[in-house]
There are 2 protein chains.
Amino acid sequence: MATKPPASPTLPSSLIETCPRYEHAMQILGKRWTGLLINALMKGPRRFCELTSLVEGLSDRVLSDRLRELEVEGIVQRTVYPQIPVRVEYELTTKGHALKPAIDALHVWAEQWVTITPQAKATQAAQLQEH
Amino acid sequence: MATKPPASPTLPSSLIETCPRYEHAMQILGKRWTGLLINALMKGPRRFCELTSLVEGLSDRVLSDRLRELEVEGIVQRTVYPQIPVRVEYELTTKGHALKPAIDALHVWAEQWVTITPQAKATQAAQLQEH
DNA sequence: CAGAATCCCATCCGATACTG
DNA sequence: CAGTATCGGATGGGATTCTG
């Protein structure tokens, strides 16, 4: 009962190139709001509440989560200005800015190829309604 | 949610540029295995079971889900060759291949910037153990 | 081989309330 | 303003089993 094709002659066994780094990157960037968040930070430092209004639908709690994740990854830098009330700014690190080409490429692709279908529009509209 | 600042005077109201297309793109590509899956398809058509072995850890069910999603999005084309047993191949469409620059850019970034930390290695190892 | 169906627990995340 | 704490419903996805 020939379990699986014999590893396919053409495939070198080393081919399991899951590429851990790329995988890790997708793990991070793939999470729900992260792409939009980084996009919002591309133009410069932003404060917490600016981010909540820039990225519509993103809640405090999740924003907080995402920012911490990105901080841990060294993609975002958090700076506290000890005024009263405190002012906190988030900005991309060098590593974060280095993502620009990738984000841009994704943008170009989206512009060219992604069509918002009527259903998708309806879905979106419905989601907006829910507020 | 702590009443937002007065929309911040410096921000034009049109600034809510969530960019629906980009958002939609991230929605799709961001899902758990999708990035790796597309990556695996970049080199040419693949059969179902080839994909399960190429992308390690990806289960039948999820692969099935992802392929259908990508098919609906017009990123992947499914072809059935009515032999016995049937042979099914998946390949990227033009739209799918158009993602190459973005994926490549992401790859470059990952190579340059992503370092697998000891913790991450430990985590990965642990995850592999669990099988 | 190429999946569909079912089960079911872990994680995610939205809403709400509270703090410095 | 800039968050944290907590809860509960929704979703994700792994394991297993079954089918053509």
Side-chain angles (χ1 to χ4, degrees), chain A residues 1-8 26-28 30-37 45-71 76-91 123 126-131, chain B residues 1-9 11 26-28 30-37 45-71 76-91 123 126-131:
Chain A
M1 193 186 274
T3 50
K4 298 185 175 183
S8 186
M26 287 309 286
Q27 210 94 339
I28 301 162
K31 303 194 82 168
R32 176 133 196 227
W33 297 97
T34 308
L36 295 172
L37 185 53
R46 291 280 180 246
R47 303 177 59 173
F48 191 89
C49 76
E50 286 179 319
L51 292 172
T52 63
S53 35
L54 278 175
V55 184
E56 205 154 359
L58 177 56
S59 71
D60 287 7
R61 202 185 62 74
V62 177
L63 174 56
S64 188
D65 284 1
R66 291 296 176 272
L67 285 173
R68 197 190 320 287
E69 289 165 9
L70 293 175
E71 207 187 334
V76 161
Q77 160 99 36
R78 178 188 138 127
T79 312
V80 181
Y81 300 96
Q83 315 167 163
I84 306 228
V86 288
R87 175 190 179 86
V88 181
E89 282 191 352
Y90 297 89
E91 62 185 319
T123 308
Q127 288 174 343
L128 289 178
Q129 295 290 3
E130 287 171 4
H131 286 231
Chain B
M1 199 194 269
T3 57
K4 309 184 172 183
S8 184
L11 300 178
M26 288 307 287
Q27 210 94 340
I28 302 162
K31 304 195 84 169
R32 178 135 195 226
W33 297 96
T34 308
L36 294 173
L37 185 53
R46 292 280 179 246
R47 303 176 61 174
F48 192 89
C49 76
E50 286 179 319
L51 291 173
T52 64
S53 36
L54 279 174
V55 184
E56 206 155 359
L58 176 55
S59 70
D60 287 7
R61 200 185 62 75
V62 176
L63 174 56
S64 187
D65 283 3
R66 292 296 176 271
L67 285 172
R68 198 192 318 291
E69 289 165 11
L70 293 175
E71 206 188 336
V76 161
Q77 161 99 37
R78 178 187 138 128
T79 312
V80 181
Y81 300 96
Q83 314 167 164
I84 306 224
V86 287
R87 176 190 178 86
V88 181
E89 280 192 354
Y90 297 87
E91 63 184 320
T123 308
Q127 288 174 342
L128 289 180
Q129 295 290 4
E130 288 171 4
H131 285 234

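Here is how names work: the chains are called A, B, and so on, in the same order as the sequence lines, proteins then strands, and each is numbered from 1.
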Could you list the protein-to-nucleotides 8-10 of chain D atom pairs, N/O on both sides, closer than 3.5 Å?
none

For atom [atom1] of [X] and atom [atom2] of [N], their distance in whole Å:
X       : N      : atom1 : atom2 : result
B/Leu63 : D/dG14 : CG    : P     : 11 Å
B/Leu37 : D/dG13 : CG    : P     : 13 Å
A/Leu58 : C/dC12 : CG    : P     : 15 Å
A/Asp60 : C/dA15 : CG    : C1'   : 11 Å
B/Gln27 : D/dT11 : CD    : P     : 13 Å
B/Glu69 : D/dG12 : CD    : C1'   : 11 Å
A/Glu56 : C/dC13 : CD    : P     : 18 Å

Task: salt bridge (Lys or Arg N to Asp or Glu O under 4.0 Å) partners of A/Arg61, counting only residues at least two apart - done: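 A/Arg61 satisfies salt bridge (Lys or Arg N to Asp or Glu O under 4.0 Å) with A/Asp65 only.
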Could you list the residues that satisfy salt bridge (Lys or Arg N to Asp or Glu O under 4.0 Å) with A/Glu89, not counting sequence neighbours?
->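 Counting only residues at least two positions away or on another chain, A/Glu89 forms a salt bridge (Lys or Arg N to Asp or Glu O under 4.0 Å) with A/Arg87.
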Below 4.0 angstrom from OP1 or OP2 of D/dC1, is there any side-chain N or O of A/Arg46?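 For D/dC1, OP1/OP2 do not have a side-chain N/O of A/Arg46 under 4.0 Å.
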When you get a sec, tell me which of [options] is the closest nucleotide to the side chain of [X]?
X       : options               : value
B/Arg32 : C/dG14, D/dC1, D/dG14 : D/dG14
A/Arg68 : D/dT4, C/dG14, C/dG3  : D/dT4
A/Arg66 : C/dC13, D/dG3, D/dG13 : C/dC13
A/Arg47 : D/dA2, C/dA2, C/dG14  : D/dA2
B/Trp33 : C/dC12, C/dG3, D/dG14 : D/dG14
A/Ser64 : D/dG3, C/dA4, D/dG13  : D/dG3

Original post:
For DNA chain C, what residues of residues 81-89 of chain A have any heavy atom nearer than 4.0 Å?
Top reply: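 Nucleic-acid contacts, sorted: none.
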Which residues share a side-chain contact (heavy atoms from CB on, under 4.5 Å) with A/Val88, sequence neighbours left out: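 With neighbours one apart ignored, the set is A/Arg78, A/Val80, A/Tyr90.
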Checking side chain to side chain contact (heavy atoms under 4.5 Å, CB included) for the pair A/Leu63/A/Val55: CA distance, chi angles, key distance, verdict?
CA-CA 9 Å; A/Leu63 174 56; A/Val55 184; over 6 Å; no
(Q) What verdict does the salt bridge (charged side-chain N to carboxylate O under 4.0 Å, His left out) test give for B/Arg68 and B/Glu71, after you've listed the backbone C-alpha separation in whole Å, the side-chain angles of each residue and the deciding distance to 0.1 Å? (A) CA-CA 5 Å; B/Arg68 198 192 318 291; B/Glu71 206 188 336; 5.6 Å; no
Nucleotide N/O of nucleotides 5-7 of chain C paired with protein N/O under 3.5 Å:
none

ask   = Can you name the closest pair of heavy atoms from A/Val86 and A/Arg47 and give their distance?
value =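 Closest heavy-atom pair between A/Val86 and A/Arg47: O-NH2, 4.4 Å.
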- prompt: Is there a side chain to side chain contact (heavy atoms under 4.5 Å, CB included) between B/Val62 and B/Arg32 once you walk through the steps?
  reply: CA-CA 9 Å; B/Val62 176; B/Arg32 178 135 195 226; over 6 Å; no
